[in-house]
Amino acid sequence: MKQTITGAEALMQSLEHEGVTTLFGYPGGSIMPVYDALYDHTHSLNHILVRHEQGAVHAAQGYARVSGRVGVAIVTSGPGATNTVTGVADAMIDSTPVVIICGQVGAAVLGTDAFQEVDVVGMTQPISKWNYQIRRAEDVAWAVSRAFFIASSGRPGPVVLDFTRNAQVGQVEYEPAKVDFIRSYVPAPKPDMDTIAEAARLINNAAKPFVLVGQGVELAGAQQELRTLLEKAQIPAGCTLLGLSALPSDHPLNMGMLGMHGNLGPNVMTNQCDVLIAIGMRFDDRVTGNIKTYARQAKVIHFDIDPSEFNKLIHADCKVLGDCRETLAALLPLIEPTTHQAWVDGFAPYAEREYNKVISKAIHPTEGPLLMGEVVRAVSEASNHEAVLVTDVGQNQMFGARYFQFSKPRSIVTSGGCGTMGFGLPAAIGATFGAPDRTVCLFVGDGGLQMTIQELGTIMEQGAPVKIILLNNNFLGNVRQWQAMFWNHRYSFTPMKNPDYELIARAYNIPARTVVDRADLSSAISEMLATPGPYLLQCAVKEEDDVLPMTPPGANLDEMLLEV
């Protein structure tokens, strides 16, 4: 016999039906019926009260990125909904599966400029995978099931549900819904074997093949298929920022990070390979540099689940559409075991040059103030390279990506395409709930921390065991670096006067320590990792440290600067 319940209660039961256990949110007037229903479901739905709605979406993103599950955020209408927009856009460009449920005024007063009414559907349509306004209680179960199906299938992304108040309080004879098919929506097309055979032919005939590893490998769970391909044909690989943990850092065929602040060898050799194999990546401008000179000598094979990525920036000679776990599995039997030892060895001189000119100085300085690179590497080593790396955006992000090392998949959480300052702190909170058995290390700058610093209150309330490593250089460091390199050292509004972060942390009952001297760094990191729960380690780092190497904007990929 069907139950007659409110739309708000139907939402709770629908979320439970989808297997949701964790929610991030902030209550308000137009979502109050939902929160009243939630009051009776706290045994099954763990609601994390954030301190700002933007934090709710970023926390849901962090949860999703490390767990592989859909993150969920619940907020009220008006400013509650508008505060989520940055997170929705961030999740869209980084392919993160989240469902955001926004309260809305009653359907009868839509369009009248009612109190805290905004056009959530119109506002989020260009930056979400799907959005929908629920105007009737009868539509709740269907809308929730469809939202989770769309968010998690194919190329993942954010879905926004705009939940009118009348639909929340209305009555419905509830039964769970199961949406697993939508006409004209094909999440993962079946692999085309002719195309895969062409890809295999190009790879088998290549003298200098090179694989670009994107986040799509992580999203598809294709890490093992990737390794098998690389090892069977002895193909070197480089990783995008979001794809860094898809391949262990110490794998002999992992040549490092691609892009503007990536490693010298992968960037230079991109313009020397004869077959470029891009797997689950979108040829972002930070990876390609000047697209007019990018890999012009190479045949390009592009594996992707989203056909809109093909030929968007870089022409693909062979377009392999589908889930890359399936397409790589179909490719592997066609790949001939071989070796490209001379080609692989060709990366070594570039790695040696970069190590001598940049890396050794960044991670093993002998004098002067602390450097960001040495802090990052020291934390990575102390955690046995098994921790989850979360970063904010800026120099902390680039130093984190360059010098943290990975041994497990789904180990990097960062804002790639949108570059959202303030992302790090709430995303790290979400990561602790998505991977409660892992150490979560957040690297954040003094600028980004202050953008969402109120989420220290969430950490205090939840005891979320985020290890916060604050790289404090009293600057908006990345902008300062560009001002130094390209704007004649005119530091226009990038120096920062900062508060006492230790005092702030302790006000939130978070243990804190500041390190200034290099001799104290190791013991401070050990103390941080040994302390149960959250910890803030502030490192006073060199004010005018630069992330190198660097491909200047608009320059060719192989024109990397090793010094300035």
Side-chain angles (χ1 to χ4, degrees), residues 21-27 42 45-67 71-75 83-84 86-87 379 383 387-393 396-397 400 413-415 420-472 498-514 524-525 527-539:
T21 57
T22 303
L23 314 166
F24 304 91
Y26 203 93
T42 52
L45 296 172
N46 182 26
H47 178 272
I48 311 304
L49 178 65
V50 296
R51 298 309 190 256
H52 190 280
E53 291 89 355
Q54 181 179 348
V57 185
H58 291 331
Q61 289 177 269
Y63 175 91
R65 293 270 280 274
V66 298
S67 69
V72 181
I74 300 180
V75 302
N83 283 344
T84 69
T86 298
V379 172
S383 60
V388 173
L389 168 69
V390 184
T391 80
D392 204 77
V393 167
N396 64 87
Q397 180 184 37
V413 180
T414 191
S415 174
T420 304
M421 287 182 68
F423 172 89
L425 188 60
I429 294 170
T432 65
F433 288 96
D437 57 334
R438 300 188 63 186
T439 300
V440 174
C441 294
L442 165 67
F443 290 88
V444 62
D446 41 307
L449 180 60
Q450 291 188 80
M451 285 197 168
T452 49
I453 198 169
Q454 71 278 350
E455 299 306 331
L456 292 175
T458 306
I459 290 177
M460 175 184 67
E461 182 171 323
Q462 300 295 329
V466 180
K467 307 305 183 185
I468 306 166
I469 302 96
L470 170 59
L471 301 173
N472 189 350
N498 282 312
D500 188 327
Y501 290 107
E502 267 200 77
L503 284 177
I504 292 173
R506 287 174 178 153
Y508 285 101
N509 293 328
I510 297 172
R513 178 174 171 179
T514 297
I525 292 172
E527 179 182 308
M528 173 185 72
L529 295 176
T531 301
Y535 193 101
L536 186 144
L537 176 61
Q538 176 177 218
C539 297

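Note that the coordinates shown come from a computational prediction; the quantities given were computed from them, not determined experimentally.
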Item to check | Heavy-atom donor-acceptor pair, Lys467 side chain to Thr531 backbone, under 3.5 Å | outcome: yes
Checklist entry - Can any side-chain N or O of Asp392 pair as donor or acceptor with the backbone N or O of Gly422 at less than 3.5 Å? => result yes
Item to check | Under 3.5 Å donor-acceptor, Gln397 side chain and Ser415 backbone | outcome: yes
Checklist entry - side-chain contact (heavy atoms from CB on, under 4.5 Å) between Gln454 and Thr452: does it pass, once the steps are laid out? => result CA-CA 5 Å; Gln454 71 278 350; Thr452 49; 4.0 Å; yes
Checklist entry - Below 4.5 Å, heavy atoms only, C-beta onward: do His47 and Leu45 meet side chain to side chain? => result no
Checklist entry - Got a second to check how far Tyr508's OH is from Thr458's OG1, nearest 0.5 Å? => result 9.0 Å
Item to check | Option among Val390, Val393, Leu449 that satisfies the side-chain contact (heavy atoms from CB on, under 4.5 Å) test with Val444 | outcome: Leu449
Checklist entry - Under 4.5 Å between any side-chain heavy atoms of Ile459 and Leu425, yes or no? => result yes
Checklist entry - So do the side chains of Val440 and Pro465 get within less than 4.5 Å of each other, counting heavy atoms only? => result no
Checklist entry - Distance from Thr432 atom OG1 to Gln462 atom CD, nearest 0.5 Å? => result 8.5 Å
Next on the checklist: Using modelled atom types and a 3.5 Å cut-off, is there a donor and acceptor pairing between side-chain atoms of Arg51 and backbone atoms of Gly457?
Outcome noted: yes
Checklist entry - How many angstroms lie between OG1 in Thr514 and CD in Glu502, if you round to the nearest 0.5 Å? => result 3.5 Å
Checklist entry - Stepwise, does the side-chain contact (heavy atoms from CB on, under 4.5 Å) test hold for His52 with Asn83? => result CA-CA 8 Å; His52 190 280; Asn83 283 344; 3.5 Å; yes
Next on the checklist: Side chains of Ile468 and Tyr535, heavy atoms from C-beta outward: is any pair under 4.5 Å?
Outcome noted: no
Item to check | OH/Tyr501: more than 12 non-hydrogen atoms of other groups inside 6.0 Å | outcome: yes
Item to check | By salt bridge (charged side-chain N to carboxylate O under 4.0 Å, His left out) - contacts of Arg438 (at least two apart) | outcome: none
Item to check | Under the ring pair (Phe, Tyr, Trp, His ring centres under 6.0 Å) test, residues paired with Phe423 that sit two or more places apart | outcome: His58
Checklist outcome for this item: Shortest non-hydrogen pair, Ile429 vs Ala464, comes out as CG2-CB, 4.4 Å
Item to check | Point-to-point distance, once rounded to the nearest 0.5 Å, from CG of Asn498 to CD of Gln538 | outcome: 8.0 Å
Checklist entry - Which residue pairs pass the salt bridge (charged side-chain N to carboxylate O under 4.0 Å, His left out) test with at least one member in residues 448-457, sequence neighbours excluded? => result none
Checklist entry - Hey, what do you get for CD1 (Ile504) to CD1 (Ile510), rounding to the nearest 0.5 Å? => result 10.5 Å
Next on the checklist: Contact between Pro426 and Val57 at the side-chain level, heavy atoms closer than 4.5 Å - yes or no?
Outcome noted: no
Checklist entry - Is there a donor-acceptor pair closer than 3.5 Å between any side-chain N or O of Arg65 and the backbone N or O of Ala431? => result no
Next on the checklist: Rounded to the nearest 0.5 Å, what separates atom CG in Leu471 from atom OG1 in Thr391?
Outcome noted: 10.5 Å
